[in-house]
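All values reported here derive from a predicted model rather than from experimental measurement.
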Amino acid sequence: MEEITLTLHGKKVTCPKDTTLFTLSRTYEKDYKYPIIVARCNGVIQELYHQVTDGSEVEFVTMEEKDGKRAYIRGMSMLLLKAVYAEIPKEKIERVTLEYSLDTGYFGRIHGDCLLDETLLQRIEKRMKDYVKQDLLFEKQVISTRDAKRLFDSLGMNKKSLLTEYRRNSRMTVYRLGGFIDYYYGAMPYSTGILSYFSLQLFENGFVFIIPKRSNPVEVPEFVPSMKLYHTMQQTNEWAEKLHVSSVGELNREIVKGDFRELMLTQEALHEKRIGDIAERIAEKGCRVITIAGPSSSGKTTFSYRLSTQLKTLGLRPHPIGLDDYFVNRKDTPLDAEGNYNYECLEAIDTKTFNDDLNHLLEGEKVQLPTYNFISGMREYNKPFMQLEKDEILVIEGIHGLNDKLTYSIPREDKFKIYISALTTLNLDDHNRIPTTEGRLIRRIIRDARTRGNSAQKTISMWNSVRNGENQNIFPFQEQADAMFNSALIYELAAMKLFADPILFQVPKDCPEYSEAQRILKFLDYFLPVDPHEVPLNSILREFIGGGILLD
């Protein structure tokens with residue numbers, strides 16, 4: 001029997017020619033703490049049905065990795081949909097939508113002449129568990145794009161059908177799961193037997209399916225919904241559905257029709273209205289301290305400028321306070337687990353001096369604010385003295401803005417806290433959701449390349465650390481916000497495509513970030529590009545693509 005040699009997690013191994021990744025995974029699964037879901041072959045994520053080739057570099061991927069969790073979610077989505085259509089007569093279902101993540105769950109709805117109650121949801125969950133026990137295969141089939149469109153039309157999957165109209169590839173991949181057919185982008189699990197951990201729960205006008213976190217792939221966590229976040233997502237979702245642009249296919253249709261400019265201006269007008277509404281709430285409450293916080297690449301700086309403009313129209317004069325200027329001296333900065341300076345923890349900020357200065361300013365006293373010298377790592381005092389008038393308010397933008405420990409001496413009623421994030425509700429189709437982090441990562445890749453000279457490889461390599469900081473310092477406090485602003489623009493991925501593609505293509509094949517770069521490139525292929533010169537000069541998107549009038 002002819003054998004081949006490959007590298008598995010850095011070690012040379014041999015196996016018979018024509019061995020599949022699944023067979024290989026069964027041989028080595030004892031070496032892994034959690035079940036293997038997919039594999040990374042020569043830097044590219046592949047499903048386990050693929051055959052290994054001589055000289056390949058292979059790494060098996062579990063739920064502990066992002067790519068493993070993504071495949072788990074896709075498999076769970078198809079498993080859920082198969083069970084729904086098995087438990088509910090097809091004529092009673094208009095469509096099933098899997099829409100966005102919410103806490104540890106993923107929100108979905110069953111549209112049509114069907115009452116979703118606890119009894120029905122329990123039947124669906126039991127059906128799903130039966131399919132897990134049966135260990136059904138996810139069977140992959142490549143068909144022509146024309147046949148795919150006919151298939152989706154016959155199944156009533158209109159948004160999938162629309163998506164095919166703007167695909168340049170002549171072939172598409174569909175999956176079969178025991179007779180149920182659907183389309184998913186990205187790698188799928190080998191079979192349902194691996195999808196053991198999940199639960200379903202009624203929520204608002206739909207349901208959530210809950211799966212484990214990457215930190216503990218064999219335990220289904222408690223679902224504790226963020227209600228303010230939910231209402232913000234729903235508001236955006238309903239607006240997109242009213243405009244009939246809630247999927248990528250619908251966005252592409254608007255671009256082809258020549259209606260992009262109107263859509264873009266409508267979205268920008270909505271942003272301006274919501275910023276104006278927040279400014280009016282601040283004026284009505286009479287708060288003199290505004291704090292703004294949100295995860296990376298949310299557009300906080302542009303939002304702050306535009307909010308300040310709206311406040312001025314109401315007769316208020318905002319003064320920005322730079323939180324970075326209150327860093328403790330470098331020698332006193334806490335260290336992270338790797339021994340590096342941790343500028344993201346609250347202890348890196350001199351909160352006592354910060355609160356003293358805030359109180360003196362609010363009492364009408366003259367205060368000299370500090371400047372942090374990032375070269376020397378020391379705080380300096382070289383600014384003119386500052387004194388607030390009665391119509392002046394303080395605007396503080398920073399990672400800890402929602403945490404009351406930052407402004408502990410300011411009474412809660414005197415503060416107005418704003419959470420901003422790019423919460424996309426645009427999805428590829430009804431069953432392929434776009435993670436809310438996707439747009440933020442692409443925004444950051446473009447901005448870092450433009451303003452810092454960073455490669456996409458470097459930005460991607462830092463993303464996990466950035467996300468960990470957000471999980472610790474921002475997301476736990478988001479429900480404490482007085483207002484939430486969704487900075488996502490329904491058209492932004494189409495406008496960023498021309499910037500992102502060449503940067504992502506530069507990521508070398510032999511680095512760990514290559515598979516993520518390829519995944520994003522494949523994702524962006526679904527979008528028709530638009531001319532970024534059309535983007536208004538005060539748009540939040542200009543913070544990332546450049547050419548704006550507020551920052552550049």
Side-chain angles (χ1 to χ4, degrees), residues 232 235-236 239 261-325 358 361-362 369 383-384 386-399 401-402 407 414-423 440 443 447 451 481-492 495 532-552:
T232 301
Q235 184 183 43
T236 304
W239 178 83
R261 179 177 291 182
E262 182 180 352
L263 174 67
M264 176 188 63
L265 292 176
T266 303
Q267 168 81 95
E268 294 289 351
L270 179 69
H271 266 197
E272 199 61 44
K273 181 181 185 305
R274 290 186 176 162
I275 294 172
D277 291 343
I278 292 172
E280 288 184 0
R281 288 178 59 191
I282 292 169
E284 288 171 4
K285 287 190 68 175
C287 299
R288 298 194 69 197
V289 176
I290 303 167
T291 61
I292 302 169
S296 173
S297 303
S298 293
K300 295 182 289 293
T301 305
T302 302
F303 172 81
S304 299
Y305 277 113
R306 289 174 63 172
L307 177 66
S308 294
T309 300
Q310 289 286 347
L311 290 168
K312 289 174 185 177
T313 67
L314 299 172
L316 299 173
R317 291 191 289 165
H319 273 288
I321 296 272
L323 203 55
D324 288 359
D325 288 328
L358 290 184
L361 286 170
L362 294 173
L369 301 180
K383 293 181 180 178
M386 178 179 173
Q387 187 174 23
L388 290 186
E389 302 293 336
K390 287 186 178 180
D391 62 345
E392 293 181 309
I393 58 178
L394 298 173
V395 178
I396 303 160
E397 176 206 323
I399 188 173
L402 302 179
T407 51
D414 293 338
K415 294 182 285 193
F416 194 94
K417 298 193 286 187
I418 303 170
Y419 174 73
I420 173 175
S421 188
L423 304 165
R440 290 199 294 114
R443 283 179 173 187
R447 184 192 63 191
T451 64
D482 296 294
M484 285 191 174
F485 179 76
N486 185 357
S487 70
L489 293 152
I490 204 164
Y491 69 85
E492 68 176 78
H533 292 96
E534 298 276 359
V535 178
L537 299 183
N538 69 337
S539 172
I540 279 176
L541 190 56
R542 288 288 179 183
E543 185 171 326
F544 307 97
I545 66 174
I549 58 175
L550 298 179
L551 300 179
D552 289 4

Here the gap from L388 atom CG to I393 atom CD1, rounded to the nearest 0.5 Å, amounts to 10.0 Å
**Message:** Contact between L394 and M386 at the side-chain level, heavy atoms closer than 4.5 Å - yes or no?
**Reply:** yes
Quiz item: Taking S539 for the side chain and P536 for the main chain, is one N or O donor matched with an acceptor at less than 3.5 Å?
Solution: no
F485 side chain reached by L307 side chain, heavy atoms, under 4.5 Å:
no
Show your reasoning for whether side chain to side chain contact (heavy atoms under 4.5 Å, CB included) applies to I418 and F303.
CA-CA 10 Å; I418 303 170; F303 172 81; 3.9 Å; yes
| request: Apply side chain to side chain contact (heavy atoms under 4.5 Å, CB included) to the pair D414 and R288, showing each step before the final yes or no. | output: CA-CA 6 Å; D414 293 338; R288 298 194 69 197; over 6 Å; no
Crowding at OH, Y305 (>12 non-hydrogen neighbours, <6.0 Å):
no
Is a side-chain N or O of Q267 found less than 3.5 angstrom from the main chain of I490, in a donor-acceptor match? yes
Query raised in the report: R306 side chain to N538 main-chain N or O, any donor-acceptor pair under 3.5 Å?
Result: yes
When R440, R274, R443 are each screened for side-chain contact (heavy atoms from CB on, under 4.5 Å) with S487, the one that passes is R443
Counting only heavy atoms not in E262, do more than 12 sit closer than 6.0 Å to its CD atom?
no
Next on the checklist: Apply side chain to side chain contact (heavy atoms under 4.5 Å, CB included) to residues L423 and M484 and explain how you reach the verdict.
Outcome noted: CA-CA 11 Å; L423 304 165; M484 285 191 174; 5.7 Å; no
Residue pair I275, T309: steps toward the side chain to side chain contact (heavy atoms under 4.5 Å, CB included) verdict: CA-CA 10 Å; I275 294 172; T309 300; over 6 Å; no
**Request:** May I ask you to test the Q310-I278 pair for a side-chain heavy-atom distance under 4.5 Å?
**Result:** no
Check your understanding: Quick one: are D325 and L369 in side-chain contact, heavy atoms under 4.5 Å?
Key -> no
For the backbone of T302 and the side chain of E543, can you confirm whether one donor and one acceptor N or O come within less than 3.5 Å of each other?
yes
Do other residues, nucleotides or ligands put more than 12 heavy atoms under 6.0 Å from the CZ atom of R317? yes
Answer yes when R281 and D277 have at least one side-chain N-carboxylate O distance shorter than 4.0 Å, and no when they do not.
-> no
Any side-chain heavy atom of D482 sitting closer than 4.5 Å to one from K415?
no
